[in-house]
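Inspection log for the structure reproduced underneath, given as structure tokens.
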Amino acid sequence: MSVRHSRITGTGSYLPPKRLTNDDLAARLAADGIETSDQWIVERTGIRARHFADPDVGSSDLGVEAARRALDAAGLRPAQIDLIIVATSTPDMVFPSAACLVQQKLGIHGCPAFDVQAVCSGFVYALTVADSMIRTGAARRALVIGAEVFSRILDFKDRTTCVLFGDGAGAVVLEASEVPGILASDLHADGRHVDILCVPGNLSGGLVLGDPLLKMDGQAVFKLAVGVLEEAARAVLAKAGRTEADIDWLIPHQANIRIMQSTTRKLKLPMDKLIVTVDEHGNTSAASIPLALDAAVRDGKVKAGDTVMLEGVGGGFTWGAVLLDF
Ligand code: UT7
């Protein structure tokens, strides 16, 4: 078989069981004298609920559950996987990587396993790396996972950020294929915008130096996001020789329904081509795109042969898009 392409052959996802509605979260914040409301959160973001992992559950635990479901969907055993990439900004440990922990939990050994850290763009970065490795012959069957426990890095005294994020994981199996699959990708970063979305703390001498909780200038992120998501969408379509009319499903990073609807409008797509899970998941950073993709597949929306646009944007600043035939 001549291997020139990679193709998604299975998807899976996993949400920790603990679900908090906006009202649940508002009650928790009210205990500390912090005011928010279901109405504000829904109007500004589209979020209605999010899931939080228990304290003893790490990103690798969520990731391995999503991976097992993706493997089942692809009809593969863990031993058939020869590459594991985890996109995460909330790994279980400083090192080793969450990918090595996932590999261990799957009971397989020897294949390359590493994390990609591009915050909310992590999954489109990781998928692009896996696609490149498959096309060069370095791997044939990859697990590409987005897994996060953002609840661990939220400042529950900052209502402008803590209502936005949730925990979860999504995964795909990406296999070598004679037919494409991944059609094109377009990745970017601009480190001038480090400060608008960051967790500035670090470990030194056994202490946390600096603030280990998430900081965001929401309006600055919002403005940048709507611009770069449109640019990346157009760039990836041009690279693939396709047009907006070819897109069956748009799956952007699930951060804010207003940003997602703005991108959909700019691409002149009908709103029913937009996959939305932000209402139920909140912003799960690198996990949001594979979670949304899996939900769309299991809902019977995304079907074999459909053309799907994935788009990520987040801290770094990073952004990018992947166009694929499912
Ligand atoms: O994952 C990476 C990508 N991240 C994103 O895409 C996030 C992008 N940014 C956003 O989604 C939005 O900027 C936010 C949802 C974070 C904020 O929405 P906004 O429409 O930009 O609101 P704002 O920051 O302009 O705040 C409006 C008001 C302020 O009150 P005043 O100054 O008008 O009196 C805030 O203090 O809303 C207030 N506010 C809240 N009120 C109730 C901020 N957070 C809350 C809250 N509950 N949780």
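Read the numbers this way: they start at 1 and go in the same order the structure lists the ligands and their atoms. Predicted model only: the values in this text are computed from it and were never measured.
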Exercise. F317 ring centre to R192 NZ or CZ under 6.0 Å, with the angle to the axis within 45°?
Worked result: no

For this session: Would you mind listing every side-chain hydrogen bond (donor to acceptor under 3.5 Å, both in side chains) that reaches into residues 148-175, with sequence neighbours excluded?
Result: T9-E175, T88-E148, T90-E148, R141-E175, E148-S285, S151-D167, D158-T160, D158-T161

Exercise. According to the salt bridge (Lys or Arg N to Asp or Glu O under 4.0 Å) rule, which pairs have a member within residues 220-229, sequence neighbours left out?
Worked result: none

For this session: Could you pull out every protein residue that has a heavy atom closer than 4.0 Å to ligand 1, ordered by chain and then number?
Result: E35, T36, W40, R44, T45, C120, R159, T160, V163, L164, L197, M216, G218, Q219, V221, F222, H253, A255, N256, R258, I259, N283, V313

Exercise. So which pairs with a foot in residues 247-257 pass side-chain hydrogen bond (donor to acceptor under 3.5 Å, both in side chains), sequence neighbours left out?
Worked result: W249-D306, H253-N283, H253-S288, Q254-T277

Exercise. Quick check: does any side chain N or O of K273 sit under 3.5 Å from a backbone N or O of I247, one acting as donor and the other as acceptor?
Worked result: yes

Exercise. With distance as the sole test, does K266 use its side chain to make a donor-acceptor pair with the main-chain N or O of T264 at under 3.5 Å?
Worked result: no

